[in-house]
Asks: 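Sharing a structure, written as C-alpha cells. Questions coming.
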Amino acid sequence: MKYWLMKSEPSAYSIDDLKRDKKTSWNGVRNYQARNYMRDEMRVGDKVLFYASNADPAGVSGIAEIVREAHPEKEEPWVMVDLAFVEKFPAVVPLDTLKTTRGLENMVVTRKGSRLSVQPVTKPEFDIVTKLGRK
DNA sequence: GCCAACGTTGGC
DNA sequence: GCCAACGTTGGC
C-alpha cells in the first residue's frame, strides 16, 4: 500500500466537504507530475493525508482513501481518482509542526517552494502525522 | 493581498 | 532546445 499527500484549498474543497460527501472525484489537477502519480501509482486502498493549503493554518486536516483508480477527465490529458473520507483530525497539524517534527525532514510539503499538489509520503511519515493529528 | 518560487508556453 | 514572459501556487 502506498501513502500520499493531496492538497486542496478549503475554500474550494475542505475535509468537512469530504466528510459530508463521503467520497469525491479528485478533478482539476493540472500538473503533469501530480497527474503521473495519480495515473501510474495510486491504487485502491492507498491512504491520503488531506492537506489544507492557503488556510489558517495550512496543514494536514485529516485522512482519505483512494476508492477508484485514475480515470480520464473530460479534458485531455488529465485524469482524476476518487477519494473517500476516512477521518478528520481534532485539529489541523500545521505546516510549521511538520517542519519541526523529527522524521518529517524529507517530506516534500516541507520543502521550500514545493507546489506539487499530489505527493508521495512514506509509511513512517504517514504514521507520524496521523499520530500528531489524533492528539 | 503580496510576492517569491515554480511550471508552462511559445518565439526564435 | 533555450529561455523570457507569463500564469499559478501557496505561505505569510
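The structure displayed is predicted, hence computed values, not measured ones. Each chain gets a letter, A, B and so on, in the order its sequence line appears, and its residues count up from 1.
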Asks: If the condition is side-chain contact (heavy atoms from CB on, under 4.5 Å), which residues does A:E105 pass it with, not counting sequence neighbours?
Replies: A:R102
Asks: Report the residues that fulfil side-chain contact (heavy atoms from CB on, under 4.5 Å) with A:P90, sequence neighbours left out, ordered by chain and then residue number.
Replies: none
Asks: Tell me, please, which residues at least two apart from A:Y13 pass side chain to side chain donor-acceptor pair (under 3.5 Å).
Replies: A:D21
Asks: Does A:K112 make a side-chain N or O approach to OP1 or OP2 of B:dA5 shorter than 4.0 Å?
Replies: yes
Asks: Please tabulate, one pair per line, all N/O donor-acceptor pairs under 3.5 Å involving side-chain atoms of residues 51-63 of chain A, not counting sequence neighbours.
Replies:
residue, atom, partner, partner atom, Å
A:N54, ND2, A:E9, OE2, 3.1
A:S61, OG, A:F50, O, 3.3

Asks: For residues 106-124 of chain A, which residue pairs pass the salt bridge (charged side-chain N to carboxylate O under 4.0 Å, His left out) check, not counting sequence neighbours?
Replies: A:K123-A:D127
Asks: Please determine whether a side-chain nitrogen of the Lys or Arg among A:D46 and A:R43 lies less than 4.0 Å from a carboxylate oxygen of the Asp or Glu.
Replies: no
Asks: Could you give all pairs that pass the salt bridge (charged side-chain N to carboxylate O under 4.0 Å, His left out) test and reach residues 87-99 of chain A, with sequence neighbours left out?
Replies: A:D16-A:K88, A:E87-A:R134
Asks: Applying a 4.0 Å non-hydrogen cut-off, can you work out what A:D56 is touching in the nucleic acid: base, sugar-phosphate, or nothing?
Replies: nothing
Asks: Heavy atoms under 4.0 Å is the rule here; annotate nucleotides 6-12 of chain C 5' to 3' with B where the base is hit, S where only the sugar-phosphate is, and - elsewhere.
Replies: -BBBBBB
Asks: Checking A:E76 now: which residues fulfil side-chain contact (heavy atoms from CB on, under 4.5 Å) with it, not counting sequence neighbours?
Replies: none
Asks: Only Watson-Crick and G-U wobble pairs, only distances under 3.5 Å, only runs of 3 or more: what stems does that leave for DNA chain C?
Replies: B:1-12 with C:1-12
